[in-house]
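Let me begin by presenting the structure, written as structure tokens, before commenting on it.
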Amino acid sequence: MISKNLWTAVSFFVIAAHLVILRGVEIGQILLFVLPVIAAVAVAQQDPATRSSRIARSFLLLTSIGMIVAEVPWLFPQLGGVDPNLPQQIDRALTWYAAVYLIFFFCVCPIHLFTASLACHAQGQFAEISVFTCWLGLFTASIIGIGTVIVASSALGLWPVM
């Protein structure tokens, strides 16, 4: 039986294929649109569920929501900007994904990494990242995360919501 996460990935790859058809295959497209989705599907399969698998499922869920948002142009009327030559719904879906990717890559994942290491320290377990580095990383990730949300919201058309 095919998992819902795999269906999300396949559906998204069909959407991203439009960009490949338009521009040809580029390494940036693979790094942005393919590898993170494959990694999220792989991590989401962990059983029993871990914090990492829940974060991966959240990433895939938000990607799925973007496919729905792409079909509702009045929800985020300014959403778009990946490529003006793409059909509007495809451009909107890929732009939504880019915003989700930026927020997860620059905010959620670093915070997860540092808080998991701090939890190991608190439990007396081995952690590869020192406590000082974790706190410094959390501080930095918070600042970069706020900036990422602001940039993603304004530059990619997620704000204002109509």
Side-chain angles (χ1 to χ4, degrees), residues 2-47 49-71 75-76 78-117 127-129 133-134 136-159:
I2 297 178
S3 74
K4 60 185 174 247
N5 295 325
L6 191 56
W7 280 117
T8 298
V10 169
S11 301
F12 179 72
F13 292 151
V14 169
I15 291 171
H18 285 80
L19 191 60
V20 171
I21 292 169
L22 185 66
R23 293 184 181 174
V25 177
E26 298 172 357
I27 190 70
Q29 294 168 347
I30 294 169
L31 293 174
L32 178 62
F33 297 117
V34 178
L35 292 181
V37 176
I38 291 173
V41 168
V43 172
Q45 301 304 320
Q46 291 178 351
D47 193 34
T50 62
R51 188 165 69 160
S52 297
S53 67
R54 288 190 283 281
I55 290 171
R57 289 180 191 142
S58 300
F59 177 79
L60 294 168
L61 174 66
L62 287 172
T63 300
S64 298
I65 290 171
M67 291 182 229
I68 296 168
V69 167
E71 298 295 326
L75 186 56
F76 296 101
Q78 302 300 318
L79 183 63
V82 171
D83 194 313
N85 296 322
L86 287 169
Q88 181 183 15
Q89 291 86 359
I90 302 296
D91 187 42
R92 288 171 54 82
L94 292 177
T95 303
W96 176 275
Y97 170 82
V100 169
Y101 171 82
L102 288 172
I103 291 167
F104 269 77
F105 187 76
F106 288 109
C107 186
V108 175
C109 289
I111 289 173
H112 166 62
L113 174 73
F114 294 124
T115 57
S117 188
E128 294 188 17
I129 304 172
T133 303
C134 288
L136 186 62
L138 283 172
F139 175 73
T140 305
S142 299
I143 292 172
I144 291 174
I146 291 168
T148 301
V149 169
I150 291 169
V151 167
S153 297
S154 61
L156 298 176
L158 292 174
W159 189 262

Are the side chain of [X] and the backbone N or O of [Y] linked by a donor-acceptor pair below 3.5 Å?
{"X": "Thr148", "Y": "Ile144", "answer": "yes"}
{"X": "Ser117", "Y": "Ile129", "answer": "yes"}
{"X": "Arg92", "Y": "Val69", "answer": "yes"}

key: Shortest non-hydrogen separation from Ala70 to Ala93 and the atoms involved   = CB-N, 3.6 Å
Closest approach of Ala44 to Arg57 (non-hydrogen atoms, all atoms of both residues) = O-NH2, 2.9 Å
Looking at [atom1] of [X] and [atom2] of [Y], how far apart are the two atoms once the value is rounded to the nearest 0.5 Å?
{"X": "Ile55", "Y": "Thr50", "atom1": "CD1", "atom2": "OG1", "result": "8.5 Å"}
{"X": "Met67", "Y": "Ile90", "atom1": "CE", "atom2": "CD1", "result": "10.0 Å"}
{"X": "Ile15", "Y": "Trp96", "atom1": "CD1", "atom2": "CH2", "result": "13.0 Å"}
{"X": "Leu94", "Y": "Thr63", "atom1": "CG", "atom2": "OG1", "result": "10.5 Å"}
{"X": "Phe59", "Y": "Phe105", "atom1": "CZ", "atom2": "CZ", "result": "11.0 Å"}
{"X": "Phe13", "Y": "Phe33", "atom1": "CZ", "atom2": "CZ", "result": "11.5 Å"}

key: Any side-chain heavy-atom pair of Leu60 and Val37 under 4.5 Å   = yes
query = Can you tell if the side chain of His112 reaches within under 4.5 Å of the side chain of Ser52, non-hydrogen atoms only?
reply = yes
inquiry  = Apply side-chain contact (heavy atoms from CB on, under 4.5 Å) to residues Phe76 and Thr95 and explain how you reach the verdict.
reply    = CA-CA 11 Å; Phe76 296 101; Thr95 303; over 6 Å; no
task = If the plane angle is over 60° it's perpendicular, under 30° parallel, otherwise tilted; pick one for Tyr97 and Phe12.
result = tilted
